[in-house]
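Take a look at the structure set out below.
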Amino acid sequence: MSLVIQEHARARLITDGPDPRLVPVELRYDPEEPGTVHVRLPGGVDWAFGLDLLERGLRSPATRGDIRIWPCGRAQLVLELHSAEGVAVFQFDIGPVIRFLSRTRTNTVKRPSAATAPATRA
């Protein structure tokens, strides 16, 4: 039995409008899928990508496939998702993301990195 790690967060959906909209987001890690993080967005849209990409994006801009992540100042993180339907940009407070990553390190066995795993949208 594996321990699935989840962190519920709120992110700002950045749009062309004057004010960003707060939306619920779930970060999820399942040791049965080593090295992969899932980000569940409103409407049940799920994006999966390497945990290492999220970790690198905390420190400097990181890109893999249709996903770009970068720090925004010292307290925020930006997640940009590209699909055939368009581009979605989310801005997270960094606290829940760091808490999530800390829990994945503490509660999982060290396994090989999924550095070559492609980013996917489920």
Q | Separation of Leu53 CG from Ile67 CD1 (nearest 0.5 Å) | A | 6.5 Å
Q: Rounded to the nearest 0.5 Å, what's the gap from CD1 on Ile5 to CZ on Arg105? Could you check?
A: 11.0 Å
Q: Answer whether the closest heavy-atom distance between the side chains of Ser102 and Phe100 falls below 4.5 Å.
A: no
Q) Within the distance-only criterion (no hydrogens, no angle test), does the side chain of Thr106 pair as donor or acceptor with the backbone N or O of Arg103 below 3.5 angstrom? A) no
(Q) With a 4.5 Å cut-off on side-chain heavy atoms, are Leu41 and Val23 touching? (A) no
Q: List the steps and the verdict of salt bridge (charged side-chain N to carboxylate O under 4.0 Å, His left out) for Arg64 and Asp52.
A: CA-CA 10 Å; Arg64 183 173 301 137; Asp52 63 314; 3.0 Å; yes
Q. Asp93 side chain to Gly95 main-chain N or O, any donor-acceptor pair under 3.5 Å?
A. no
Q: Evaluate the side-chain contact (heavy atoms from CB on, under 4.5 Å) criterion for residues Ser83 and Trp47: first the C-alpha distance (whole Å), next the side-chain angles of each, then the deciding distance (0.1 Å), finally the verdict.
A: CA-CA 11 Å; Ser83 72; Trp47 284 75; 4.1 Å; yes
Q. For Asp46 and His38, which heavy atoms make the closest approach, and how far apart are they?
A. OD2-ND1, 2.7 Å
Q. About how many Å separate CZ of Arg40 and CG of Leu27, when rounded to the nearest 0.5 Å?
A. 12.0 Å
Q. Are Val25 and Leu13 connected in a single hydrophobic cluster, I mean Ile/Leu/Val/Met/Phe/Trp/Tyr linked by side-chain heavy atoms less than 4.5 Å apart?
A. yes
(Q) Test of understanding: with side chain to side chain donor-acceptor pair (under 3.5 Å), list the residues that count as partners of His8, not counting sequence neighbours. (A) none
Q) Can you tell if the side chain of Val4 reaches within under 4.5 Å of the side chain of Arg28, non-hydrogen atoms only? A) yes
(Q) Show the nearest heavy-atom pair for residues Pro71 and Pro61, with the distance to one decimal. (A) CD-N, 4.1 Å
Q: Work out which heavy atom in Tyr29 is nearest to a heavy atom in Pro34; give both atom names and the distance.
A: OH-CA, 3.8 Å
Q: Could you tell me whether the side chain of Trp70 reaches within less than 4.5 Å of the side chain of Leu77, counting heavy atoms only?
A: no
Q) Between atom CD1 of Ile69 and atom CZ of Arg59, what is the distance when rounded to the nearest 0.5 Å? A) 11.5 Å
**Q.** Heavy-atom side-chain contact between Val37 and Phe49 under 4.5 Å
**A.** yes
Q.
Contact between Leu81 and Phe90 at the side-chain level, heavy atoms closer than 4.5 Å - yes or no?
A. yes
(Q) Working to the nearest 0.5 angstrom, can you tell me the gap between Glu7 CD and Ile98 CD1? (A) 11.0 Å
Q.
Please determine whether the number of non-hydrogen atoms from other residues, nucleotides or ligands lying under 6.0 Å from atom CZ of Arg21 exceeds 12.
A. no
Q.
Set out, in order, the CA-CA distance, both residues' side-chain angles and the distance that settles side-chain contact (heavy atoms from CB on, under 4.5 Å) for His82 and Val87, then state yes or no.
A. CA-CA 5 Å; His82 293 254; Val87 178; 3.3 Å; yes
Q. So do the side chains of Ile14 and Val78 get within less than 4.5 Å of each other, counting heavy atoms only?
A. no
Q: Tell me, with the steps shown, if Leu101 and Leu58 meet side-chain contact (heavy atoms from CB on, under 4.5 Å).
A: CA-CA 10 Å; Leu101 289 171; Leu58 285 172; 3.3 Å; yes
Q: Report yes if the side chains of Glu26 and Val39 come closer than 4.5 Å at any heavy-atom pair, otherwise no.
A: no
Q) Do you know which two heavy atoms are closest between Arg10 and Leu22, and how far apart they sit? A) NH2-CB, 3.7 Å
